[in-house]
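Notes follow the structure.
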Amino acid sequence: MAMECITEFPHNHMDRRPRKRLRLLGWDVLPSATSEAQIGIICAHEVGNVTSFVPSDHTTSSSLFGKGVVRNGSPPWRDDDKDGHYVFAIGDNLTARYKIHSKMGEGTFGQVLECWDKDRNEMVAVKIIRSIKKYREAAMIEVDVLEKLARHDKNGINCVQIRSWFDYRNHICIVFEKLGPSLYDFLRKNNYRSFPIDLVRELGRQLLESIAFMHDLHLVHTDLKPENILLVSPEYVKVPDLKKVSSRSPKDGSYYKRLPKSSAIKVIDFGSATYDRRDHSYIVSTRHYRAPEVILGLGWSYPCDIWSIGCILIELCSGETMFKTHENLEHLAMMERVLGSIPSHMLKTVGYHAEKYIRKGRLNWPEGVTSRESIKAVSKLPRLPNLVMDHVDHSAGNLIGLLQGLLTFDPLDRMTAREALRHPFFTRERQRISQAF
């Protein structure tokens with residue numbers, strides 16, 4: 001079996017304190033001033049040098065990390081697949097420290113494997129980046145962002161301390177604590193049933209606290225979506241779905257829905273995160289959560305994250321994605337249908353590639369439509385207040401006001417994360433609970 005040289009160094013900012021207690025079913029319990037922002041960003045760092053016996057263009061210099069330590073237990077060398085993904089077998093070692101238990105997921109960046117950490121005696125998630133230059137470079141940017149978040153998270157509130165990363169057989173590997181499912185996966189397995197408004201409030205507060213923390217450090221996430229927000233715990237309970245309950249419950253149990261036992265969440269995937277600059281103009285964000293200024297080529301900054309959060313909150317309280325489209329003009333028309341007209345001053349200053357969507361100072365809709373189905377898709381969308389009131393039994397007015405602030409077209413007028421946290425949707429409920437006690 002091949003022997004490989006691996007050097008590992010402890011991370012200076014690793015948090016060795018006991019893990020905080022999860023938020024349990026009392027989603028509307030008043031948070032304490034110092035410890036209730038159990039918000040996090042998955043972080044990792046394990047500086048390591050891996051020199052394989054097979055030549056690599058990206059082998060890390062051992063002079064940077066010092067002398068290596070020879071370890072046994074690595075699997076035989078396998079070539080990567082045609083897309084640069086690491087090829088593995090269940091039961092393989094990933095270095096002598098990690099044993100591969102299962103595959104958790106795959107994306108454009110690479111794969112996430114569930115591994116047993118022999119040193120810490122616990123399961124971890126290891127993100128293995130494709131052996132392609134641009135993805136390796138993006139991974140190192142992510143590591144840099146994660147390290148910065150850890151350095152500034154003095155109280156252990158906003159960011160789980162960075163754990164480890166290493167370079168293995170030309171793959172950057174980032175080690176994370178093992179968490180529960182993403183909000184998207186939870187919704188999907190729950191037949192896209194909406195969350196109770198009190199749970200949406202708690203999830204929204206944590207998400208805004210996390211992004212406010214990032215923005216204070218001049219970082220923009222740029223890819224917020226339910227897939228990138230993970231529940232800390234996979235545990236859930238089944239409760240009656242009051243919207244489906246009747247005198248006869250079906251045998252298949254469809255009159256029940258799942259609710260997470262804990263509302264604690266953590267934001268993940270910082271591969272697209274960037275430092276704020278005023279000249280950002282390239283396309284960011286997954287389509288359904290993309291802000292209008294990004295589509296119109298007007299440049300973007302922190303407010304693009306805020307728009308994404310507004311879209312996410314609607315999805316959590318309705319169970320459905322608000323803007324189901326893959327085409328720019330239709331997307332913009334959907335925005336106008338739900339939120340009103342895009343300000344004329346934004347349409348007058350669009351980027352070169354977006355000029356085709358504008359005619360005579362307004363959105364070229366429906367004249368520029370590509371199909372009748374597109375017109376139908378836009379026309380069936382409700383206005384924002386109606387959409388919320390269809391799904392929210394109480395707090396609808398405050399939620400509508402919050403969403404209107406998060407989904408303001410002009411990014412200069414859009415709420416900041418700190419402003420959103422002071423909105424009555426959060427503060428009035430906190431006051432009500434305080435008075436009750």
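Because the structure is a prediction, the values reported are computed rather than measured.
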Side chains of [X] and [Y] in contact at under 4.5 Å (non-hydrogen atoms):
{"X": "V112", "Y": "E106", "answer": "no"}
{"X": "L207", "Y": "I211", "answer": "yes"}
{"X": "Y98", "Y": "V175", "answer": "yes"}
{"X": "S308", "Y": "S285", "answer": "yes"}
{"X": "Y184", "Y": "I229", "answer": "no"}
{"X": "I128", "Y": "V126", "answer": "yes"}
{"X": "I309", "Y": "L224", "answer": "yes"}
{"X": "L183", "Y": "E315", "answer": "no"}

Tell me, please, which residues at least two apart from [X] pass side-chain contact (heavy atoms from CB on, under 4.5 Å).
{"X": "D393", "answer": "I197"}
{"X": "T286", "answer": "D223, K225, Y289"}
{"X": "A417", "answer": "L208, A212, I306"}
{"X": "L217", "answer": "K148, L149, H152, F213, L219"}

key: Of all pairs that satisfy ring pair (Phe, Tyr, Trp, His ring centres under 6.0 Å), the ones with a partner from residues 334-373, not counting sequence neighbours   =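 Qualifying pairs, neighbours excluded: none.
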Can you check whether [Y]'s main-chain N or O pairs, donor with acceptor, with [X]'s side chain at less than 3.5 Å?
{"X": "E114", "Y": "K103", "answer": "no"}
{"X": "H221", "Y": "I268", "answer": "yes"}
{"X": "R136", "Y": "N170", "answer": "yes"}
{"X": "D92", "Y": "L94", "answer": "no"}
{"X": "R130", "Y": "T108", "answer": "yes"}
{"X": "T408", "Y": "D410", "answer": "no"}
{"X": "Q111", "Y": "I129", "answer": "no"}

Pairwise distance [atom1]([X]) to [atom2]([Y]) - rounded to 0.5 angstrom:
{"X": "L402", "Y": "R422", "atom1": "CG", "atom2": "CZ", "answer": "13.0 Å"}
{"X": "C115", "Y": "M123", "atom1": "SG", "atom2": "CE", "answer": "8.5 Å"}
{"X": "L412", "Y": "S301", "atom1": "CG", "atom2": "OG", "answer": "9.5 Å"}
{"X": "S344", "Y": "R362", "atom1": "OG", "atom2": "CZ", "answer": "13.5 Å"}
{"X": "R258", "Y": "K238", "atom1": "CZ", "atom2": "NZ", "answer": "6.0 Å"}
{"X": "L113", "Y": "S102", "atom1": "CG", "atom2": "OG", "answer": "8.0 Å"}

ask   = In terms of side-chain geometry, is the basic nitrogen of R169 or D80 positioned less than 4.0 Å from the acidic oxygen of its partner?
value = no
ask   = Do NZ/NE/NH1/NH2 and the carboxylate oxygens of E122 and R163 come within less than 4.0 Å?
value =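 A salt bridge links E122 with R163.
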Tell me the closest heavy-atom pair linking [X] and [Y], and the distance in Å.
{"X": "R414", "Y": "E419", "answer": "O-OE1, 4.3 Å"}
{"X": "L231", "Y": "S262", "answer": "CD2-O, 3.8 Å"}
{"X": "L298", "Y": "G351", "answer": "CD2-N, 4.5 Å"}
{"X": "F409", "Y": "E293", "answer": "O-OE1, 4.1 Å"}
{"X": "Y168", "Y": "T95", "answer": "CD1-CG2, 3.6 Å"}
{"X": "S272", "Y": "T222", "answer": "O-OG1, 2.9 Å"}

request  = Evaluate side-chain contact (heavy atoms from CB on, under 4.5 Å) for E147 paired with V145, printing each intermediate quantity in order.
outcome  = CA-CA 5 Å; E147 287 183 320; V145 169; over 6 Å; no
request  = Check the pair E320 / R193 against salt bridge (charged side-chain N to carboxylate O under 4.0 Å, His left out), numbers first and verdict last.
outcome  = CA-CA 8 Å; E320 298 181 358; R193 288 183 169 103; over 6 Å; no
Name each donor-acceptor pair under 3.5 Å that joins a side chain in residues 332-340 to protein atoms two or more places apart or in another chain, with its distance.
from : atom 1 : to   : atom 2 : distance (Å)
E336 : OE2    : I342 : N      : 2.9
R337 : NE     : S379 : O      : 3.4
R337 : NE     : L381 : O      : 3.0
R337 : NH2    : S379 : O      : 2.8

ask   = Around R359, counting heavy atoms of other residues, nucleotides and ligands shown, do more than 12 lie under 6.0 Å from its CZ?
value =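 Atom CZ in R359 is not packed in, count stays at 12 or less.
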ask   = Is H101 atom NE2 crowded by more than 12 heavy atoms from other residues, nucleotides or ligands, each under 6.0 Å away?
value =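 Result for NE2/H101: open.
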Regarding [X] and the six-membered ring of [Y], is the cationic atom NZ or CZ under 6.0 Å from the ring centre and inside 45° of its axis?
{"X": "R201", "Y": "F425", "value": "yes"}
{"X": "K127", "Y": "F109", "value": "yes"}
{"X": "R205", "Y": "F426", "value": "no"}

ask   = Passes side-chain contact (heavy atoms from CB on, under 4.5 Å), N364 versus I358? Steps please.
value = CA-CA 5 Å; N364 188 25; I358 312 302; over 6 Å; no
key: H215 and D305: CA distance, side-chain angles, deciding distance, side-chain hydrogen bond (donor to acceptor under 3.5 Å, both in side chains) verdict   = CA-CA 9 Å; H215 290 181; D305 281 345; 2.9 Å; yes
Audit row: L203, F195, side-chain contact (heavy atoms from CB on, under 4.5 Å) steps and yes/no = CA-CA 10 Å; L203 296 173; F195 286 146; 3.9 Å; yes
task = Determine whether the aromatic ring centres of Y192 and F186 lie less than 6.0 Å apart.
result = no
message = Would you say the rings of H288 and F323 are close, in the sense that their centroids are separated by under 6.0 Å?
response =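 No, ring centres 6.0 Å or more apart.
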message = Can a side-chain donor-acceptor contact be found between H331 and R287 if the only test is distance below 3.5 angstrom?
response = yes
query = Without hydrogens or angle criteria, can the side chains of E227 and S182 be said to hold a donor-acceptor pair below 3.5 Å?
reply = no
task = I would like to know whether I314 and M322 meet side-chain contact (heavy atoms from CB on, under 4.5 Å); could you show each step before the answer?
result = CA-CA 7 Å; I314 289 178; M322 182 165 58; 3.3 Å; yes
ask   = Using 30° and 60° as the class limits, which term best fits the ring planes of Y282 and H280: parallel, tilted or perpendicular?
value =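 If you compare the ring of Y282 with that of H280, the planes turn out perpendicular.
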